[in-house]
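Worksheet for the structure shown next.
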Amino acid sequence: MKTKIKEAKAQIIRHQRIGADSFRLRLRCPEIARLAQPGQFIMLRISEQSDPFLRRPFSFSRVFPPGEKKKMTEEDGILEICYKVVGRGTSLMTRLKEGQQIHILGPLGNGFWAAEGRKQAILIGGGIGIAPLIPWAEKLRRGLGRNRASRNLNEQSAVIVIIGGESREKILGVKEFQKLDMEPLISTEDGSLGIPGMATDLLERELMTRGHASIALYACGPMPMLAKVAQIADQFDLPCQVLLEARMACGMGACLGCAVKVREEDSLKISQPPADAAEEKILFTSAFAGDAIGASSESFVPDVSQPPAFRYARACKEGPVFESREIIWE
Amino acid sequence: MKTKIKEAKAQIIRHQRIGADSFRLRLRCPEIARLAQPGQFIMLRISEQSDPFLRRPFSFSRVFPPGEKKKMTEEDGILEICYKVVGRGTSLMTRLKEGQQIHILGPLGNGFWAAEGRKQAILIGGGIGIAPLIPWAEKLRRGLGRNRASRNLNEQSAVIVIIGGESREKILGVKEFQKLDMEPLISTEDGSLGIPGMATDLLERELMTRGHASIALYACGPMPMLAKVAQIADQFDLPCQVLLEARMACGMGACLGCAVKVREEDSLKISQPPADAAEEKILFTSAFAGDAIGASSESFVPDVSQPPAFRYARACKEGPVFESREIIWE
Amino acid sequence: MKSADHPKEGPSLAVELGALKLRNPVIAASGTFGYGEEYASLIPLRSLGGIVTKGLSLEPRRGNPPPRLAETPSGMLNAIGLENVGLEKFILEKWPFLRKASCPVIVNIFGNTIEEYAELARRLADVEGIAGLEVNISCPNLKAGGAIFASEPRTVHKVVAKIRRATSSFLMVKLSPNVSDISEIAQAAEAGGADAVSLINTLIGMAIDLKKRTPLLGNITGGLSGPAIKPVGLRMVWQVAQTVHIPIVGMGGIVTAEDALEYLIAGATAVQVGSAHFIDPRAGLKIIDGIQRYLQANNFPDVASLVGSLKIKKDTGQPT
Amino acid sequence: MKSADHPKEGPSLAVELGALKLRNPVIAASGTFGYGEEYASLIPLRSLGGIVTKGLSLEPRRGNPPPRLAETPSGMLNAIGLENVGLEKFILEKWPFLRKASCPVIVNIFGNTIEEYAELARRLADVEGIAGLEVNISCPNLKAGGAIFASEPRTVHKVVAKIRRATSSFLMVKLSPNVSDISEIAQAAEAGGADAVSLINTLIGMAIDLKKRTPLLGNITGGLSGPAIKPVGLRMVWQVAQTVHIPIVGMGGIVTAEDALEYLIAGATAVQVGSAHFIDPRAGLKIIDGIQRYLQANNFPDVASLVGSLKIKKDTGQPT
Ligand SMILES: Cc1cc2nc3c(=O)[nH]c(=O)nc-3n(C[C@H](O)[C@H](O)[C@H](O)COP(=O)(O)OP(=O)(O)OC[C@H]3O[C@@H](n4cnc5c(N)ncnc54)[C@H](O)[C@@H]3O)c2cc1C
Ligand SMILES: Cc1cc2nc3c(=O)[nH]c(=O)nc-3n(C[C@H](O)[C@H](O)[C@H](O)COP(=O)(O)OP(=O)(O)OC[C@H]3O[C@@H](n4cnc5c(N)ncnc54)[C@H](O)[C@@H]3O)c2cc1C
Ligand SMILES: Cc1cc2nc3c(=O)[nH]c(=O)nc-3n(C[C@H](O)[C@H](O)[C@H](O)COP(=O)(O)O)c2cc1C
Ligand SMILES: Cc1cc2nc3c(=O)[nH]c(=O)nc-3n(C[C@H](O)[C@H](O)[C@H](O)COP(=O)(O)O)c2cc1C
Ligand code: FES
Ligand code: FES
């Protein structure tokens, strides 16, 4: 899924609160919008000043064109992201004004792909993590041959959506899925909406109550949720894609900053001298001793007692969507 | 002229372009406005982010209350500054919106004072430097017993204002002085308004054509202009106050950053060992040699051949208004 | 202010730097808070954990030619050149006010020779009410000859030992970050008899005026301070905390309570707030309040139990 | 782009680093530009003065556990841990693309021992088309034992001399800023036979997660880069320019043409652009254009005449 990456100015068409601490940005940026796929993301430049310094990654929450049209329409130049205010950058983003221009880089990474031979999809999103699943639901729906205009779906929908969150105000995306004629299942930890409990409980219940031979899972949300989803996928032996978040600098595979620990058959080939070996030959250190905690705790001597072999993948380029079985969950 | 300093939020009442690259900010801030004097200034915080880091100093361009009223009125809580866009901070300031709140610190420093026994004042301002002279003109006018309501002044006004600038667009404040019934004399370097040439030429001409026994000068503008005004003041033996700009961090006398070289009878008392003396006793250096250019170039050995004795004054606290003769112009 | 005035209400903010007891761990840093009087009209000085005065030498110093300041990304350069009123005038004109500040006042000192340091320490020992000394061995603006002082463990040990003999006051040694190995310098100070170390002083930096093609500072180079240097200060404090047994006072780029908390968790018993005063004179007070709130929210009984509480995992690797 | 493609139109941007000739003085810094291919779809690589590849070791390296990045005021910390594909895979999989970049490609190398450095240099000498080597003696993430390497003039001299004997390629030594005296390190590199020095690598820094009370970086400490460190880099370049006779390549916090111009005026013959690529992939190109415009506006015939043009006044004191 090799894509062209563009750096472009985008105009803010609409900036809207969509939840207690969540917002939606609708941007006009034909260069990037025309290439965007569900699960891919952009890096957004917060400020023209040098602080905050880094761009911030956000997934597409809506992707145009939904169909494979020949001619670009006005709509096709538009993309959307949803963001939750969690820190300094996202706080500053709330001040962005409609009409303003911002710099974005994208589309980045690999999006979701249709799991081979699976007719049913369960999409499970926690909090703001539901955002990238909206365009994926839309694409799946079309991919599965359903007409966009057809209404009145029965419960046996080919796409099931599960939305979880702490409380009612943290449940996002319900309307968007309803517009796609999908009625999401909802769970909240405090029981203020839908079924009380975790989204993953709902997932297990769904899997238990239906034949799941042909199901694929697609998940996005907090790490503990994703780890749990991965575990459930293993248990039910289902293909499962997860969209992972990692701290990023470049967003395009150049800095190696967004490391994600993944299984690697090959990884025994990657060797590194043990940190305390061959002392007389060793010249380097950082400016102080006693800090060999990070790197040296990895074992580089092939060691069968310590499965699995691993390497670090770049979330921005090899992900952010991974097959859940690839990931080493810790 | 000891003043109380306040740190306060100020609301932007009006933000207005007043020239090609100059703006006026009208702020509501009763705590600071009620104490403000012409020639004093505020330190304005540009950003809540850490970049740009420092506050920026700006002189009051209007000061309330103009009279010594007993009761505070709405108007009394208001102050104004004018600024010219010169760098990063002032560029960012242009984005300030009416209604927004900003942090200011003030009133800072010593303002202008009425030169003893002088009935006539010539105010000379270059470019944005005219701004602090507006409230001073107003105060002088009142101090000289003129009724604010009286119109139709003759040319022999007790306050003469000279405004200089590169070109027509750089001439600021004309209307403000006219509102005070003063008709400023104008010079532009390119001749696009008023008399072609430098403001200081105009000053010399004025001084040549009138008896100047009772004149005091008050000046603000670029350093070369101020140096020239100081020289003219010497030549005509007139008292002269100049408002000096220096880079500032604290604005309140604490950091010693805003040093201005001034004459000091006492300064031979301040001694410093010559940088290369007593080598065996000397332990310190910055991390590299060969950089003894700064400090060591000052002579600390009393040396009569090198007049005048000097010390560094803090522009923010001992100034920014100085008697021009105090300053060592270099 | 409430929290600072009534520490009884919540977790205790009191800390001890050896024998020196502070109401709270937030101290105003040398050179950024003048002689206290400048800020007294804006904030109640007694709310602070302490004040460190502008670097003091035996004789008055004029300081460097202007410009002395330059702004840099998230920070600033200064090249004041240790201008100060000199010992005599300090005692006569500055000390009477500071004495009444009702918060511990630490006097920052520097000399051109080891003897000058000792002399300063001796003479200040006679001044009543001084809470202690901070010995600046690290000012980047001070230049006087050949050897590099602040980066030589041996000379650091020597000067500290000499001062130690000259005074029984609380003795804190302020370290320069412009060194290859901060730990060995801190150890030298400890071995010399320091009661505490404070770090970091400014990093040596420079800026250029592109229009004139001259240095922006009259002194060419200057000391970098402000948020830009926080990661370096924090790293050095953590590093020194692994090697010395005396209390550490951390500083460098502290603007918010969060910044201060990072330093405490890394191992600083107290912190100093410097350049932040320039952008917010109330920075110190806000930091005190913020620390109080953090302790409360995280159920710490006192600030001391937070100090050095950084958890280091053996393998911190995680998928994201 | 115009200016970069048609240098004839205005002042010449060409510079020489000893025998290595560059179209213009703007080079992409190691570790921030991958192996070139990542940025190739966004900018014409041939417009750059050069590219330095990610640090290369004999064997592939996995790098440090995540998190590897943290944002800091006007900068960032990284603790990649020198992850790289290793020499073999570099030559097989990365070099074919880079060779066609039609701009000089400098290979950044590091080893765990002097022998590894020499071995790398030797084996890269056989690879056709490599413009030169940049020897990283300064990565703060590399840890392997006792002695402090990058801050010891003697060991620096030794490793450089050994590499010098192993290759006749253009040899640039990249210096660490985490040292007491950068000048003596630069001199050691020069004496060892370096054709140029490049500086600065990252400052060692740290950041703490207040919620978890753990280091933000998997490796605890990391390298600070970005605008925050510009004053330090500029100071060190100026300082080194006073002491060595080989060309200097300056870096640290360069984001705009103004930043680059400061470095050139301070004495750098060329500059490297690092973290700026993360916030603007076109940063390098914009800087080239900006330098061109500055030269034109200030009537410089070429960039070489700007290099080291800093004017130092004997007495820079002025009233304001
Ligand atoms: C591929 C990808 C897609 C994402 N999509 C979305 C989305 O659609 N909506 C949404 O709300 N959030 C999304 N995130 C998370 C989002 O990037 C962070 O919430 C955001 O960067 C936080 O910035 P901040 O300045 O507010 O937080 P701060 O904590 O102040 O940020 C400091 C630094 O840490 C990084 N950081 C902090 N939290 C995260 C995180 N969870 N993931 C990655 N980097 C982080 C920041 O980017 C920044 O570099 C996505 C992350 C990734 C990697
Ligand atoms: C007492 C005083 C009163 C002033 N009154 C006014 C006024 O009424 N209107 C007005 O337009 N300007 C005034 N100035 C100048 C004004 O402070 C500067 O133009 C402004 O700080 C430039 O900021 P910048 O970020 O745009 O420039 P930058 O060059 O980006 O600023 C970088 C740093 O240098 C400082 N600096 C740059 N130029 C000056 C300067 N000329 N004087 C002092 N510091 C400077 C900045 O404050 C900042 O710290 C005054 C200065 C002083 C000292
Ligand atoms: C303007 C200024 C003057 C300073 N003067 C001194 C001084 O006289 N003695 C000293 O030990 N440190 C001095 N410092 C260093 C500070 O005390 C502090 O170590 C440094 O600024 C880092 O902290 P910060 O980032 O919070 O400012 C000065 C700093 C500044 C900004
Ligand atoms: C993510 C990252 C990875 C880096 N990797 C290397 C490296 O492998 N080898 C090296 O010599 N320098 C490396 N550096 C240092 C840069 O080349 C450069 O010296 C430093 O970042 C300062 O420049 P800047 O402020 O422009 O980024 C790396 C820097 C960053 C930010
Ligand atoms: S963010 Fe740079 S490689 Fe992924
Ligand atoms: S600006 Fe700090 S003393 Fe004047």
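Lettering of chains follows the sequences in order, A, B, ..., and the numbering in each one begins at 1.
Surrounding CD of C:E88 are at most 12 heavy atoms belonging to other residues, nucleotides or ligands under 6.0 Å away.
In terms of non-hydrogen atom pairs under 4.5 Å with chain C, the most contact-rich of B:R56, B:M248, B:Q49, B:R88 is B:R56. Here C:P281 is the residue among C:P281, C:G86, C:G226, C:G253 with the most heavy-atom pairs under 4.5 Å with chain B.
With values rounded to the nearest 0.5 angstrom, C:E38 atom CD is found 7.5 Å from B:C250 atom SG. Atoms CG and CG, on B:L256 and C:N64 in that order, are 11.5 Å from each other to the nearest 0.5 Å. Atom CE in B:M252 sits 4.5 Å away from atom OH in C:Y39 (nearest 0.5 Å).
Neither the backbone nor the side chain of C:Y35 comes within contact range of chain B; no heavy atoms are under 4.5 Å apart. Looking at C:L216, the atoms closer than 4.5 Å to chain B (heavy atoms on both sides) all sit in the side chain, from C-beta outward. Interface remark: B:I46 contributes no atoms to any contact with chain C (heavy atom separation under 4.5 Å). Only the backbone of C:T72 comes within less than 4.5 Å of a heavy atom in chain B; its side chain stays farther off.
No option in B:E48, B:M43, B:R45, B:H103 other than B:R45 meets the side-chain contact (heavy atoms from CB on, under 4.5 Å) test with C:I279.
Nearest heavy-atom pair, B:E7 versus C:L42, reported as atom, atom and distance to 0.1 Å: N-CD2, 3.5 Å. Taking both residues in full, the closest heavy atoms of C:S41 and B:K4 are given as O-NZ, 4.4 Å, listed atom of the first, atom of the second, then distance. Of all heavy-atom pairs between B:A254 and C:T32, the closest is CB-O, 4.2 Å.
When side chains are defined from C-beta on, B:C255 does not count as touching C:F33, because their heavy atoms never get closer than 4.5 Å. Looking only at side-chain heavy atoms (C-beta outward), C:E71 and B:P52 come within less than 4.5 Å of each other. At a threshold of 4.5 Å between non-hydrogen side-chain atoms, the residues C:D280 and B:L105 do not count as touching. Side-chain contact check for C:S74 versus B:F53: every heavy-atom pair is 4.5 Å or farther apart.
Remark: C:K94 pairs with C:E37 by the side chain to side chain donor-acceptor pair (under 3.5 Å) rule, at least two apart or across chains.
Figure legend: cation-pi geometry between C:R68 and B:Y312, with NZ or CZ positioned under 6.0 Å from the six-membered ring centre and within 45° of its axis.
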